[in-house]
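Quick notes on the structure that follows.
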Amino acid sequence: DAGVIQSPRHEVTEMGQEVTLRCKPISGHDYLFWYRQTMMRGLELLIYFNNNVPIDDSGMPEDRFSAKMPNASFSTLKIQPSEPRDSAVYFCASSLGKPQPINYGYTFGSGTRLTVV
Amino acid sequence: RKEVEQDPGPFNVPEGATVAFNCTYSNSASQSFFWYRQDCRKEPKLLMSVYSSGNEDGRFTAQLNRASQYISLLIRDSKLSDSATYLCAVSGQNFVFGPGTRLSVLP
């Protein structure tokens with residue numbers, strides 16, 4: 001199994017540009033999570049999907065952020081327009097069912113390090 | 001109050017020391033608990049799940065106290081390779097990670 005695959009690994013963009021982050025969850029996993037990590041705020045849940053349906057997007061900072069999951073094997077997180085304060089590492093994670101010991105919790109992708117200048 | 005809180009750290013300990021981390025959570029409906037390890041510039045990786053009866057994996061012991069709403073992680077005979085940030089995670093109604101506690105094991 002290739003694990004959770006995220007792309008790109010690094011992204012540097014100018015303020016105001018649109019940024020799209022991509023995630024391919026582990027095959028068969030029905031939960032997908034987008035987290036953002038910064039030194040100041042730690043690992044924050046932005047949104048999660050169950051069976052491709054967004055369940056809770058209360059962590060999405062503002063309308064500039066949007067996420068989609070058109071099918072079970074692909075999700076995107078889009079920021080438009082991007083701002084310097086969006087600079088962070090964005091992680092995608094998936095699990096089979098809600099994360100629990102029996103399913104070994106979350107499996108994270110390697111993350112996308114976003115820098116907005 | 002944050003949903004999940006951890007010892008602020010950092011913890012600097014000599015090799016061979018025993019170190020304990022604590023994590024408290026506010027949502028009593030939380031169902032599943034984990035400890036994750038995160039190395040610098042890497043993704044979090046599952047270290048161990050936390051079972052109600054407590055569980056041990058080699059030098060690592062995790063415990064859950066539902067009444068007081070905290071989990072703990074004990075590392076015995078610490079190694080240089082244990083240096084990392086340790087994150088607790090709570091799953092159930094919400095999916096929340098603690099801020100992490102950084103551990104440096106010194107030679």
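Lettering follows sequence order; numbering is per chain, from 1.
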How about [atom1] on [X], more than 12 heavy atoms from neighbouring residues, nucleotides or ligands closer than 6.0 Å, or not?
{"X": "Gln6(A)", "atom1": "CD", "value": "yes"}
{"X": "Arg64(A)", "atom1": "CZ", "value": "yes"}
{"X": "Asn71(A)", "atom1": "CG", "value": "yes"}

**Study point:** Region of Phe34(B) that comes under 4.5 Å of a non-hydrogen atom in chain A
**Key:** side chain

Check your understanding: Of the backbone (N, CA, C, O) and the side chain (C-beta and beyond), which part of Val4(B) lies under 4.5 Å from a heavy atom of chain A, both, or neither?
Key -> neither

Review point. Relative to chain A, which of Lys2(B), Gln38(B), Lys42(B), Arg41(B) shows the most heavy atom pairs under 4.5 Å?
Key: Arg41(B)

Are any side-chain N or O atoms of [X] and backbone N or O atoms of [Y], one a donor and one an acceptor, separated by less than 3.5 Å?
{"X": "Asp82(B)", "Y": "Ser78(B)", "answer": "no"}
{"X": "Arg59(B)", "Y": "Asp77(B)", "answer": "yes"}
{"X": "Gln6(B)", "Y": "Gly100(B)", "answer": "yes"}
{"X": "Thr24(B)", "Y": "Tyr70(B)", "answer": "no"}
{"X": "Thr101(B)", "Y": "Asp7(B)", "answer": "yes"}

Do you reckon [X] sits in the same ILVMFWY cluster as [Y], going by side-chain contacts under 4.5 Å, direct or chained?
{"X": "Phe33(A)", "Y": "Leu21(A)", "answer": "no"}
{"X": "Leu114(A)", "Y": "Phe65(A)", "answer": "yes"}
{"X": "Leu103(B)", "Y": "Phe97(B)", "answer": "no"}

Review point. Which residues in residues 35-62 of chain A have a heavy atom less than 4.5 Å from any heavy atom of chain B?
Key: Tyr35(A), Gln37(A), Leu43(A), Leu45(A), Tyr48(A)

Check your understanding: Which of residues 74-110 of chain A get closer than 4.5 angstrom to chain B, counting heavy atoms alone?
Key -> Phe91(A), Lys98(A), Pro99(A), Gln100(A), Pro101(A), Tyr104(A), Gly105(A), Tyr106(A), Phe108(A), Gly109(A), Ser110(A)

